[in-house]
Amino acid sequence: MPGGQRNPLSVTKLVEKVADAVHTATGNAHDLAKVTKSIVEDKLDVPCVDLVIKFIGASGIPKLDVVGTADPYFVAKIDDKVSMVSTVKMNTLTPVWNETWRVRNVPITADLLVEVLDKDIGSPIDDFIGKFRTSVAAGAKEVEIEGPLFRRSRGTFWLKIDSTPSSDPPEPRYLFDGPIRYSRHLSPTVGRLTNLDDARLYSTWKMYLIGVSIYFKEVYQHWNVNYKAAQTIFGTGATSLAVRTGIQAGHKLLYARSTSNGFGVIETAADVLKLFHGEKLNPKGIIGSDQEYLPVQDQPTSTHVTPNAFQTTQTQTPLVHRVKPAVYTYIISAEDDSMRFSETGAAFFVDFASKHALHANCCERVRYSGEFHPRPRAKDGAWVGWQDFNDSMPDETVDWEVLIDNNSGTYSPDKAMLPTLQALLEHNFPGFRVQALDREDKELTKSVQACRDYALKYRGIQAKHLQPHLQEGEESLMKQAVANGAVPNMQ
């Protein structure tokens, strides 16, 4: 071409690439279409846009269950590159979500696919209501939900898309940009164990982080080939296959969508702090309680006042609506950039070879993993740590920070990436201090011990709660997975 410029519309080269792709496609027309579309976008240098999608609601959803109406939720995907799962709306055929999803650097040729499902409590598979596909062009949209049989209408879905040209220099495509949403899941091992002293021991959290691919780029942490437990999980034999199957079944049970899930959005430092509040299950099995356990003013002592008991007791109960001194196990997923975590002493870890592998759904690599805990510090910097704190100080009168590390034998994260981890979390936890330390750092060891000591001395936490354990009569998560048929009984 004149001027030596390459013709971006060169049909010959394009056809050659498509022909090569045909040999690697599965033979499925949809797969071939995706491969071809991707090649065309790259070849033609398709412009990109930043999207703000507001999922408003739906109407006319059919009743699929014999009893009740429906518990609908949706899964949205853009070109199978990035996805979002909504909250579950209980007992309605006209759900209203008003949930926002921001994604940057999306090709203008992209498709938005939305699948609407009915949460089926007690079943491993939810009922499929229908789906629709639309472009990412800006504007308000009213779309028909197509059912699985003859594409019959199963209602109408409303959404609105705002679009602006992506900025230069180009960022990674399909970059999730918020909001930072999280879900909280109660382990199925809770069963009939209501009125628990601490529901957090039966909870997992899943939080979608912004900018993981920007901060970590192409860096991942592979499973540790020198760690015996990891060898047992990721080995090639039949035993390792059975172990992986059990872990994956446990993960599915732990992170299942449910009408009892909690949901939230991180926008301020106060939102981060609420993640660490202690609580209990009330007699209805719902997270939270009307009861609040308050310390006497001359604390630290072991005496707390229980408003409903009209007496003080020497065996205190964890404070509700105050930051709980606890250590958490976490991973940052290589699959969907989510941060998944739970208390290190969570009951559902019993019978599993690796806490981190359970959170990671047995993936061979993660972005990062380890442990973290919240800790207080004086606003003037005069002291830092649980050893200098007492419950006569309201939480809002001190500063709080997250101390996070790389303490994970399964993945053995590179300590050189700790500054990157800290920067990523500071970006996602606005106004909240984050400090990342190596697992062998003496300050970390001291801080973890102070956190646990405070929990034992002043919050009524029992020593057994610091490590995975089962209450009397409680069934382990692994046994539940076996009972559900998800894992073969190896006995």
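Keep in mind the model is a prediction, meaning the values are calculated, not measured. Residues take their numbers from the sequence shown, with the count starting at 1.
The two residues I61 and P72 make their nearest non-hydrogen contact at CD1-CB, 4.1 Å. Contact record, E267 with D271: N-OD2, 2.9 Å, taken as the closest heavy-atom pair. Counting all heavy atoms, side chain and backbone alike, R459 lies closest to P325 at NH1-CD, 3.3 Å. Contact between W97 and S86 at its shortest, heavy atoms only, is NE1-OG, 3.5 Å. Nearest heavy-atom pair, V265 versus R181, reported as atom, atom and distance to 0.1 Å: CG2-CG, 4.3 Å. In plain terms, the two heavy atoms of R104 and I214 that are nearest each other are NH2-CD1, 4.4 Å.
For R102, the side chain to side chain donor-acceptor pair (under 3.5 Å) criterion is met by no residue, not counting sequence neighbours. For D395, the side chain to side chain donor-acceptor pair (under 3.5 Å) partners at least two apart in sequence or on another chain are R322. Judged as a side-chain contact (heavy atoms from CB on, under 4.5 Å), and not counting sequence neighbours, the contacts of A76 are F55, F74, W101, L112, V114. Shown here are the side-chain contact (heavy atoms from CB on, under 4.5 Å) partners of N226, two or more places apart in sequence or in another chain: N224. Under the rule for a side-chain contact (heavy atoms from CB on, under 4.5 Å), the partners of Q248 that lie at least two apart in sequence or sit in another chain are N361, C362. The side chain to side chain donor-acceptor pair (under 3.5 Å) check on E443 picks up R375, with sequence neighbours excluded. Considering only residues two or more places apart in sequence or on other chains, F432 meets the ring pair (Phe, Tyr, Trp, His ring centres under 6.0 Å) condition with none of them. Applying the side chain to side chain donor-acceptor pair (under 3.5 Å) test to T87 and every residue at least two apart in sequence or in another chain returns E99. For R439, there are no salt bridge (charged side-chain N to carboxylate O under 4.0 Å, His left out) partners, not counting sequence neighbours. Remark: C363 pairs with E335 by the side-chain contact (heavy atoms from CB on, under 4.5 Å) rule, at least two apart or across chains.
Looking only at side-chain heavy atoms (C-beta outward), I180 and Y182 stay at 4.5 Å or farther from each other. By the 4.5 Å heavy-atom criterion applied to side chains, K160 and I53 are not counted as neighbours. With a 4.5 Å cut-off on side-chain heavy atoms, S369 and T410 do not count as touching. At a threshold of 4.5 Å between non-hydrogen side-chain atoms, the residues L275 and I266 count as touching. Annotation: side chain of V106 is not in contact with side chain of V82 (no heavy-atom distance under 4.5 Å). Looking only at side-chain heavy atoms (C-beta outward), K206 and T204 stay at 4.5 Å or farther from each other. Contact annotation: the side chain of V272 never approaches that of W400 to less than 4.5 Å [non-hydrogen atoms, C-beta and beyond]. Looking only at side-chain heavy atoms (C-beta outward), K324 and I461 come within less than 4.5 Å of each other.
With respect to Y368, the side-chain contact (heavy atoms from CB on, under 4.5 Å) criterion is satisfied by exactly one of L424, L418, I404: L418. T69 pairs in a side chain to side chain donor-acceptor pair (under 3.5 Å) with only one of the listed residues (T94, N91, T92), which is N91. Checking each of N428, D337, D336 against Y208 for a side-chain contact (heavy atoms from CB on, under 4.5 Å) leaves exactly one that passes, namely D336. Put simply, the residue from R377, R433, K379 that forms a salt bridge (charged side-chain N to carboxylate O under 4.0 Å, His left out) with D399 is K379.
With S342 contributing its side chain and S203 its backbone, the two residues share no donor-acceptor pair below 3.5 Å. Proximity of a side-chain donor or acceptor of Q422 to a complementary backbone N or O of A436 within less than 3.5 Å is detected. With hydrogens and angles disregarded, a donor-acceptor distance shorter than 3.5 Å links the side chain of R244 to the backbone of I233. Checking side-chain atoms of D405 against main-chain N and O of D438 turns up no donor-acceptor pair under 3.5 Å. Not a single donor-acceptor pair under 3.5 Å links the side chain of H185 to the backbone N or O of N261. Remark: the backbone N or O of D118 is not paired with any side-chain donor or acceptor of D71 at under 3.5 angstrom. A donor-acceptor pair under 3.5 Å is formed between the side chain of K355 and the backbone N or O of T344. Under the 3.5 Å distance criterion, the side-chain polar atoms of Q221 are matched with a main-chain donor or acceptor of D414.
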I'd like to know whether S447 forms a side-chain hydrogen bond (donor to acceptor under 3.5 Å, both in side chains) with H373, so could you lay out the CA-CA distance, the side-chain angles of the two residues, the decisive distance to 0.1 Å, and finally the verdict. CA-CA 9 Å; S447 184; H373 65 277; 2.7 Å; yes
Report the C-alpha distance between L444 and N407 in whole Å, list the side-chain angles of each, state the deciding distance to 0.1 Å, and finish with yes or no for side chain to side chain contact (heavy atoms under 4.5 Å, CB included). CA-CA 10 Å; L444 173 67; N407 188 21; 5.7 Å; no
Is there a side chain to side chain contact (heavy atoms under 4.5 Å, CB included) between V402 and F276? Walk through the geometry before answering. CA-CA 10 Å; V402 169; F276 304 125; 3.8 Å; yes
CA sep, side-chain torsions, deciding dist, call: Y411, H356, ring-ring contact (aromatic ring centres under 6.0 Å, His included): CA-CA 8 Å; Y411 296 103; H356 290 104; 7.0 Å; no
Would you check, one step at a time, whether the test side chain to side chain contact (heavy atoms under 4.5 Å, CB included) holds for V103 with L175? CA-CA 5 Å; V103 186; L175 184 64; 5.7 Å; no
Could you walk me through whether D177 and V52 pass the side chain to side chain contact (heavy atoms under 4.5 Å, CB included) check? CA-CA 9 Å; D177 191 40; V52 179; over 6 Å; no
In residues 381-389, what donor-acceptor pairs under 3.5 Å come from side-chain atoms, sequence neighbours left out?
residue: W386; atom: NE1; partner: P374; partner atom: O; Å: 2.8
residue: Q387; atom: NE2; partner: V384; partner atom: O; Å: 2.9

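Remark: L421 CG to F216 CZ distance equals 5.0 Å, nearest 0.5 Å. Within the model, atoms NZ of K274 and NE2 of H321 stand 10.5 Å from one another, a figure rounded to the nearest 0.5 Å.
Under the 3.5 Å distance criterion, with hydrogens and angles disregarded, a donor-acceptor pair is assigned to the side chains of Y454 and D391.
Ring geometry for F372 against F341 counts as perpendicular: the plane angle is over 60°, on a 0 to 90° scale with 30° as the lower cut.
Within the cation-pi definition used here (under 6.0 Å to the ring centroid, within 45° of the axis), R367 qualifies as a partner of Y220.
The salt bridge (Lys or Arg N to Asp or Glu O under 4.0 Å) contacts involving residues 83-97 comprise nothing, where partners must be two or more places apart or lie in separate chains.
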